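A short write-up of the structure that comes next.
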Amino acid sequence: MLVNVVTAVHAPHAAFLPAAWESLRRQSHGDWGWLVQIDGPQDAVLRALAECGAARDGRVDVAANGTGEGPAVTRNVALGRAEAEFVQNADADDELEPDALALLAGALGERPRAGFAVGHARDLLPGGGLRRYELPVHAGTLPRGALLDAWSTGQEGYQLPVHPAGVMWRRGLLLALGGWSALHGMEDTGLLMAASATAEGVLVDAPTLRYRKHPGQLSARRDDFAGGGSRSRSCGSAPPCCAPCPAGRSRP
């Protein structure tokens, strides 16, 4: 079954695209199409895709916003080009594990009621090492509201029970929820919480995402949003948390 892989990318992350491309080429599930949506200036991204060979693959469809709109808008523009029933998010600086598409698509195929599927995330460290975290939820069906409940009742504040960056979505649910949320630094978190409140999901008991740790990642930034209201930050840990760190917990 075809899976559309959605990647929003801006120029500072163009250097990571060859690794993301290689992770797609290694997939045991070969029926995929890569929807790359460029946010802002195009040259560095187009050059990276050409040099790694992705631009010559018929499964790769590249488009550009023409302006800088941020990750949520950029993913949603790419979503508008998706045609497959299953849509996999893949950030430009992350990698998918070799069996990610097969496992997640298989889980959704076996559970018609599930609106999304997710696996374990492993941190991809600067030296190439991988670090895995134990999850507070069990593999299998995630009942409606389960992730939302786990997120709001965690012992260390609002820490997400699964990583939101590597979710595979049933396109119908993704469209019904309006795509990725218009939230500052929490686009995928807002979507995942809305999905959990709306539909059941499934957790695959295997790693599916390699979440790259690097200084330029959006979740590591310290800039404050000047729009008013309560502010939530991510400390860049995996899974990322979505509230100020509890007392005694240091930021990297």
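Owing to the predicted nature of the structure, the values given are computational and were not obtained by experimental measurement. Side-chain atoms are counted along with the backbone in the values below, which use heavy atoms only and exclude waters and symmetry mates.
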Any side-chain heavy atom of [X] within less than 4.5 Å of one from [Y]?
X: L192; Y: W169; result: yes
X: E95; Y: E22; result: no
X: D123; Y: L130; result: no
X: S28; Y: P98; result: no
X: V204; Y: L104; result: yes
X: L49; Y: W34; result: yes
X: F116; Y: L142; result: yes
X: L108; Y: E85; result: no

What are the two closest heavy atoms between [X] and [Y], and how far apart are they?
X: R212; Y: A19; result: NH2-CB, 3.5 Å
X: P18; Y: A15; result: CD-O, 3.4 Å
X: A11; Y: A44; result: CB-CB, 4.2 Å
X: V3; Y: A105; result: CG2-CB, 4.2 Å

Identify which one of V87, V118, L101, V202 satisfies the side chain to side chain contact (heavy atoms under 4.5 Å, CB included) criterion when paired with M168.
L101

Identified side chain to side chain contact (heavy atoms under 4.5 Å, CB included) partner of F16 from the options D93, V9, D91:
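Of the listed residues D93, V9, D91, the side chain to side chain contact (heavy atoms under 4.5 Å, CB included) partner of F16 is D93.
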
Would a hydrophobic clustering, with Ile, Leu, Val, Met, Phe, Trp and Tyr connected at side-chain separations under 4.5 Å, put M1 with L96?
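Shared cluster, yes.
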
Please say yes or no: joined through hydrophobic side-chain contacts below 4.5 Å, possibly via intermediate residues, are V62 and V73 part of one cluster?
no

Is there a donor-acceptor contact under 3.5 Å from the side chain of [X] to the main chain of [Y]?
X: T7; Y: A92; result: no
X: T208; Y: A100; result: no
X: H120; Y: R122; result: no
X: S181; Y: L191; result: yes
X: D94; Y: A90; result: no
X: R111; Y: G201; result: no
X: R144; Y: E200; result: no

Can you sort out the partners of N65 under side chain to side chain contact (heavy atoms under 4.5 Å, CB included), two or more places apart, ordered by chain and number?
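Checked N65 against side chain to side chain contact (heavy atoms under 4.5 Å, CB included); matches are Q37, D39, T67, E69, T74, V77.
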
The criterion is side chain to side chain contact (heavy atoms under 4.5 Å, CB included); which residues satisfy it with A176, sequence neighbours excluded?
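None.
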
[atom1]-[atom2] distance between [X] and [Y], expressed to the nearest 0.5 angstrom:
X: W32; Y: N4; atom1: CH2; atom2: CG; value: 11.0 Å
X: R170; Y: L175; atom1: CZ; atom2: CG; value: 13.0 Å
X: E83; Y: R171; atom1: CD; atom2: CZ; value: 7.5 Å
X: L2; Y: D31; atom1: CG; atom2: CG; value: 5.0 Å

Does CZ in R132 sit with more than 12 non-hydrogen atoms of other residues, nucleotides or ligands closer than 6.0 Å?
yes

Going by the angle between their ring planes, with limits at 30° and 60°, are Y211 and H163 parallel, tilted or perpendicular?
tilted

Quick one: which residue pairs count as a side chain to side chain donor-acceptor pair (under 3.5 Å) with a foot in residues 45-58, not counting sequence neighbours?
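The answer is D57-R59.
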
Cut-off 3.5 Å, side chains only: do D205 and H138 have a donor facing an acceptor?
no

